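Quick notes on the structure that follows.
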Amino acid sequence: MKISEILNNNRVTVSFEVFPPKQWDKIENTKQIVAKMCEDAPSFMSVTYGAAGTTSGFTTEIASKIKECGVEPLSHLTCLTSTRDKIHQVVNELSDNGIENILALRGDIPQGFEFSQKQYFTNAYQLVNEIKSINPNFCIGAACYPEIHPESKNRVEDIAHLKEKVDCGVEFLTSQMFFDNEKFFNFVEMCLIKGIDVPIIAGIMPITNANQIKRSIELSNSSVPTKFFRIMERFGDDPNKMKQAGIIYATEQIIDLMANGINNIHIYTMNKPDVANAIMRGISEIINE
Ligand code: FAD
């Protein structure tokens with residue numbers, strides 16, 4: 001089933017993100033994690049694409065496992081460091097495995113990477129066009145950034161590029177993680193003003209240990225509200241307390257989003273079924289329609 005249909009059919013959706021292992025010998029372990037998470041019946045489950053695409057087969061394997069568990073998979077795909085042939089190979093592989101949904105991404109610029117004349121893909125919109133040319137039946141999503149992509153000069157430029165990307169045939173957007181809902185509300189409003197009218201799924205990252213926050217902020221450019229800093233200051237040294245506080249913070253964020261009319265939530269689970277399950281239990285009545 002296409003994610004666009006899921007987003008249009010259900011009034012409320014809660015989806016999960018998982019990542020594949022770095023080594024093949026851990027694939028069965030990740031499959032078990034996936035199977036456990038599917039017990040919570042997420043609306044769909046996305047699986048990330050390893051940096052530089054070195055483990056592309058792992059993504060397909062995990063996406064196939066998600067499908068086998070009765071949940072719709074969304075396979076991420078990055079293009080910056082890929083050749084056109086490699087993209088064709090992966091897209092055909094996904095198609096052969098019955099995967100219908102791709103999150104089309106550029107990928108981060110690796111350290112020391114030089115853009116050359118031969119560079120085939122420089123931005124995600126080109127990948128959207130390429131996937132459409134290989135197989136127009138894929139439902140394609142893309143990434144968006146409530147607090148601006150780190151490389152963008154300003155919000156106006158970032159949203160203009162986002163609009164161009166959506167106009168290439170993107171049917172939904174998944175947001176970068178954010179910890180302050182006001183940033184997301186403002187972003188959604190700005191998108192609507194600029195004519196971006198596809199569903200925008202709110203990306204929520206439960207921070208369950210103090211080390212995770214530093215890395216997450218570095219990668220995402222997300223600002224952290226004082227309220228969350230205080231939680232870390234008080235509970236950051238105690239893993240159990242921090243885990244509970246992180247789950248409750250994420251749950252409260254979701255409740256507030258939904259109270260403000262946001263119906264599509266994506267949880268960056270970090271492959272932790274217990275965390276995903278605790279959040280789902282915390283919102284079980286709220287999402288029950
Ligand atoms: P783009 O849409 O190409 O945007 C990148 C930058 O270029 C932005 O600043 C944009 O404003 C600018 N830009 C866009 N179009 C143009 C243009 N025509 N001219 C000039 N500038 C332009 N990374 C992975 O490696 N694997 C994953 O699985 C993965 N999953 C992700 C999932 C989500 C939901 C998110 C939010 C990010 C994910 N990432 C992943 C990280 C992502 O690859 C990086 O954030 C990357 O830096 C940008 O990718 P993009 O697809 O948004 O790029």
Side-chain angles (χ1 to χ4, degrees), residues 3 15-22 30 44-60 62-63 66 73-82 86-87 90 94 99 101-111 113 115 119-131 140-170 172-178 183-184 187 190-191 194 196 198-205 215-222 264-271:
I3 303 292
S15 49
F16 294 167
E17 180 188 277
V18 291
F19 52 82
K22 288 200 171 71
T30 308
F44 64 89
M45 209 188 276
S46 74
V47 51
T48 64
Y49 194 76
T54 43
T55 55
S56 63
F58 297 13
T59 298
T60 312
I62 297 300
I66 294 169
L74 166 63
S75 197
H76 294 199
L77 178 59
T78 67
C79 61
L80 182 68
T81 56
S82 234
K86 174 76 181 175
I87 293 299
V90 178
L94 291 170
I99 312 296
N101 306 287
I102 299 180
L103 194 76
L105 300 145
R106 185 199 64 182
D108 281 321
I109 303 173
Q111 260 193 342
F113 183 84
F115 283 85
Q119 187 71 34
Y120 194 78
F121 298 104
T122 51
N123 285 104
Y125 78 91
Q126 294 152 325
L127 178 61
V128 176
N129 288 333
E130 195 70 25
I131 298 167
I140 305 176
C144 64
Y145 303 84
E147 297 182 66
I148 309 180
H149 185 266
E151 289 163 39
S152 278
K153 278 197 224 100
N154 55 54
R155 181 179 294 274
V156 173
E157 184 190 280
D158 204 37
I159 294 204
H161 289 315
L162 183 61
K163 170 88 171 98
E164 285 163 17
K165 183 162 71 173
V166 170
D167 287 347
C168 290
V170 167
F172 64 94
L173 295 167
T174 306
S175 91
Q176 180 59 283
M177 70 185 81
F178 58 90
K183 308 269 185 213
F184 186 77
F187 171 71
M190 187 83 162
C191 286
K194 294 291 173 192
I196 299 171
V198 295
I200 303 178
I201 307 173
I204 298 296
M205 165 80 91
R215 176 99 182 107
S216 300
I217 296 167
E218 269 168 21
L219 285 174
S220 69
N221 205 30
S222 310
N264 305 122
I265 311 287
H266 193 59
I267 303 176
Y268 295 107
T269 69
M270 301 300 287
N271 288 15

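All values reported here derive from a predicted model rather than from experimental measurement. Read the numbers this way: they start at 1 and go in the same order the structure lists the ligands and their atoms. Values reported hereafter were calculated over all heavy atoms of this structure, with side chains retained and with hydrogens, waters and symmetry mates removed.
- Checking only distances, Ser152 does come within under 3.5 Å of ligand 1, N or O to N or O.
- When heavy-atom distances to ligand 1 are checked against a 4.0 Å cut-off, Lys165 comes that close only through its side chain, counted from C-beta outward.
- Here His149 has side-chain heavy atoms under 4.0 Å from ligand 1, and that is the only part of it that gets that close.
- Annotation: side chain of Phe115 is in contact with side chain of Ile109 (closest heavy-atom distance under 4.5 Å).
- By heavy-atom distance, the residue among Glu151, Lys163, His161 lying nearest atom 21 (N) of ligand 1 is His161.
- Residue contact annotation: Gly107 has a non-hydrogen atom under 4.0 Å from ligand 1.
- Contact annotation for His266 and ligand 1: no heavy atom of the residue comes within less than 4.0 Å of the ligand.
- Shown here are the salt bridge (Lys or Arg N to Asp or Glu O under 4.0 Å) partners of Lys194, two or more places apart in sequence or in another chain: there are none.
- No side-chain heavy atom of Ile200 sits less than 4.5 Å from a side-chain heavy atom of Asn264.
- Nearest heavy-atom pair, Val170 versus Leu173, reported as atom, atom and distance to 0.1 Å: CG1-CD2, 4.0 Å.
- For ligand 1, the polar-atom distance check against Ala143 finds no nitrogen or oxygen pair separated by under 3.5 Å.
- Note on ring orientation: taking the six-membered ring where Trp is involved, the planes of His149 and Tyr145 are perpendicular (angle over 60°, cut-offs 30° and 60°).
- For the pair Glu17 and ligand 1, the shortest N or O to N or O distance does not fall below 3.5 Å.
- Listed by atom number, the atoms of ligand 1 under 4.0 Å from Glu164 heavy atoms are 18 (N).
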For this session: Assess whether side chain to side chain contact (heavy atoms under 4.5 Å, CB included) is satisfied between Glu147 and Phe187, documenting all intermediate values.
Result: CA-CA 8 Å; Glu147 297 182 66; Phe187 171 71; over 6 Å; no

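- With sequence neighbours left out, the salt bridge (Lys or Arg N to Asp or Glu O under 4.0 Å) criterion links Glu130 to Arg84.
- Which of Tyr268, Phe19, Tyr49, Phe121 comes nearest to atom 28 (O) of ligand 1 through a heavy atom is settled by distance: it is Tyr49.
- Close contacts between ligand 1 and Thr78 involve ligand atoms 24 (C), 25 (O), 26 (N) [criterion: under 4.0 Å to a heavy atom].
- When side chains are defined from C-beta on, Phe19 does not count as touching Thr30, because their heavy atoms never get closer than 4.5 Å.
- Counting only heavy atoms from C-beta outward, the side chains of Tyr120 and Ile87 never approach each other to under 4.5 Å.
- Within ligand 1, the atoms closer than 4.0 Å to a non-hydrogen atom of Thr174 are 34 (C), numbered from 1 in the order shown.
- Those atoms of ligand 1 that come under 4.0 Å of a heavy atom in Thr48, given as number and element, are 28 (O).
- Ligand 1 has a nitrogen or oxygen under 3.5 angstrom from a nitrogen or oxygen of Arg106.
- Scanning all heavy atoms of the two residues, the minimum distance from Ser82 to Phe121 falls at O-CD1, 3.9 Å.
- Considering each of Thr81, Asp108, Leu103, the one bringing a non-hydrogen atom nearest atom 44 (C) of ligand 1 is Asp108.
- Heavy atoms of Asn123 found under 4.0 angstrom from ligand 1 belong to the backbone as well as the side chain.
- Backbone and side-chain nitrogen or oxygen atoms of Tyr125 are examined, and none is located within less than 3.5 angstrom of a nitrogen or oxygen of ligand 1.
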For this session: Evaluate the side chain to side chain donor-acceptor pair (under 3.5 Å) criterion for residues Ser152 and His161: first the C-alpha distance (whole Å), next the side-chain angles of each, then the deciding distance (0.1 Å), finally the verdict.
Result: CA-CA 10 Å; Ser152 278; His161 289 315; over 6 Å; no

